J.: 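One structure, pasted below without further comment.
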There are 2 protein chains.
Amino acid sequence: MTTPALKIRISFGSQVAMGPGKADLLEAIDAFGSISAAAKQMKMSYRRAWELVDVMNKCFAEPLVHSSPGGAHGGGAHLTEFGRTILKSYRDLIVKSQLAAQAELTKISAALK
Amino acid sequence: MTTPALKIRISFGSQVAMGPGKADLLEAIDAFGSISAAAKQMKMSYRRAWELVDVMNKCFAEPLVHSSPGGAHGGGAHLTEFGRTILKSYRDLIVKSQLAAQAELTKISAALK
DNA sequence: TATCGCTATATTCAAATAGGAATAGCGATA
DNA sequence: TATCGCTATTCCTATTTGAATATAGCGATA
């Protein structure tokens with residue numbers, strides 16, 4: 001066994017509405033106040049980060065991220081209350097799932113190379 | 001909300017050791033006794049099915065699928081006891097996770113378009 | 001020992017995806 | 001009103017992925 005991990009996503013049609021990467025991105029946006037700074041910290045292109053945000057905003061009934069194209073220091077982006085709630089629900093979901101699946105995950109992990 | 005679903009995979013380094021598609025494939029191989037028949041039923045190419053099996057066999061300490069290139073009716077493939085055990089563990093893991101995550105999944109699903 | 005169907009693998013081509021660079025636009029603030 | 005940094009979008013290229021095809025090899029069994 002080496003690096004096994006549960007990866008839990010919420011698929012929505014052909015898209016992923018929420019997953020580990022998107023959740024991390026939301027947290028980074030919350031921490032840095034902009035998509036571009038979050039992207040840099042996560043070592044992905046601004047383009048990719050923007051796309052992930054766009055997918056999320058379009059999957060959900062309301063945007064999770066609100067962004068301002070201009071203003072002080074170029075504007076920025078922040079989580080909406082809605083976004084914060086979804087993020088928390090997802091994180092809770094992950095914790096509960098992992099906990100419930102621990103025994104099986106341990107078994108499977110032990111069987112990996 | 002339309003078609004939200006939890007997708008749970010077990011990642012192993014850069015590869016996916018087990019996931020929904022691989023588990024379904026294992027079941028199809030178990031049911032049909034060959035990779036080729038399983039592939040046909042799942043509407044994927046033999047090549048792709050073989051690759052998925054190959055990844056699984058290489059991620060785990062023992063092969064999950066044993067295959068015979070020749071013999072009656074061309075041989076075939078079947079699950080090893082090891083493979084059957086892993087498959088069951090994974091299916092159990094999914095059930096337990098889904099159950100534990102139900103409340104949060106319902107909340108998030110209701111927030112989707 | 002010839003047949004048959006499946007495994008195993010290489011090659012080629014098309015398609016989807018990811019990444020990089022370039023650029024326009026925006027608005028608070030100095 | 002000029003500046004600045006970030007958002008938003010386009011275009012092009014490179015890489016990855018997937019499908020289709022072709023072919024060799026295998027061994028039970030008839």
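Scope of the values below: all heavy atoms of this structure, side chains included, with no hydrogens, waters or symmetry mates. Each chain gets a letter, A, B and so on, in the order its sequence line appears, and its residues count up from 1. What you see is a predicted model, and the numbers here were worked out from it, not measured in a lab.
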J.: Among the nucleotides dG25(C), dT11(C), dA8(C), which one has an atom lying closest to any side-chain atom of I35(B)?
T.: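 My answer, after comparing the listed nucleotides, is dA8(C).
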J.: Checking side chain to side chain donor-acceptor pair (under 3.5 Å) between E104(B) and each of K96(A), K88(A), R91(A), which is the one that passes?
T.: K96(A)
J.: Sub-3.5 Å donor-acceptor pair from the side chain of T80(A) to the main-chain atoms of L64(A), do we have one?
T.: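 Side chain of T80(A) to backbone of L64(A), a donor-acceptor pair under 3.5 Å: yes, one is there.
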J.: Separation of H78(A) atom NE2 from dT7(D) atom C1', in whole Å?
T.: 14 Å
J.: Looking at S67(A), does any N or O in its side chain come under 4.0 Å of the phosphate oxygens OP1/OP2 on dA8(D)?
T.: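 Checking S67(A) against dA8(D): at least one side-chain N or O falls below 4.0 Å of OP1 or OP2.
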J.: Are D54(A) and K22(A) ion-paired here, with the side-chain N under 4.0 Å from a carboxylate O?
T.: no
J.: Which pair of non-hydrogen atoms, one from K7(A) and one from P20(A), has the smallest distance, and what is that distance?
T.: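 Looks like CD-CG, 4.0 Å.
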J.: Would you kindly give the NZ-to-C1' distance between K43(A) and dG20(C), to the nearest whole Å?
T.: 19 Å
J.: For Y46(A) and dA22(C), give me the distance from atom OH to atom C1', rounded to whole Å.
T.: 14 Å
J.: Nearest to the side chain of R47(A) - dT7(C), dA21(C), dA19(D)?
T.: dA21(C)
J.: Please list every stem that involves DNA chain C, where a stem is a run of 3 or more consecutive Watson-Crick or G-U wobble pairs with both pairing distances under 3.5 Å.
T.: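 When the pairs of DNA chain C are grouped into runs of at least three, the stems are C:1-30 with D:1-30.
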J.: Any idea which heavy atoms bring F12(B) and K113(A) closest together, and the distance?
T.: CZ-O, 3.3 Å
J.: Can you identify which nucleotide, out of dT9(C), dT7(C), dT7(D), has its nearest atom closest to the S36(B) side chain?
T.: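 Minimum distance to the S36(B) side chain belongs to dT7(C).
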J.: Using atom CG of D54(B) as one end and atom C1' of dA10(C) as the other, report the distance to the nearest whole Å.
T.: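 Result: 15 Å.
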J.: To the nearest Å, how far apart are K40(A) NZ and dT7(D) C1'?
T.: 15 Å
J.: L52(A) CG to dA8(D) P: how many Å, rounded?
T.: 14 Å
J.: OP1 or OP2 of dG18(D) versus the side-chain N and O atoms of R48(B): is any pair under 4.0 Å?
T.: yes
J.: Look at the side-chain N and O atoms of W50(A) and state whether any lies under 4.0 Å from the OP1 or OP2 oxygen of dA8(D).
T.: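 It does, given that an N or O in the side chain of W50(A) lies less than 4.0 Å from OP1 or OP2 of dA8(D).
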J.: Report the distance from atom CG of N57(B) to atom P of dT7(C), rounded to the nearest whole Å.
T.: 13 Å
J.: Just the rounded figure in Å: distance from P of dA16(C) to CD of E51(A).
T.: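 Atom CD in E51(A) sits about 16 Å away from atom P in dA16(C).
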J.: Is the shortest heavy-atom distance from the side chain of I29(B) to the side chain of I35(B) under 4.5 Å?
T.: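 Yes, at least one pair of side-chain atoms sits under 4.5 Å.
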J.: Please pick, from dA8(C), dG5(D), dT10(D), the nucleotide with the shortest atom-to-atom distance to any side-chain atom of H73(A).
T.: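 When the side chain of H73(A) is considered, dG5(D) is the closest of dA8(C), dG5(D), dT10(D).
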J.: Under a 4.0 Å N-O cut-off, is there an ion pair linking R84(A) with E81(A)?
T.: yes
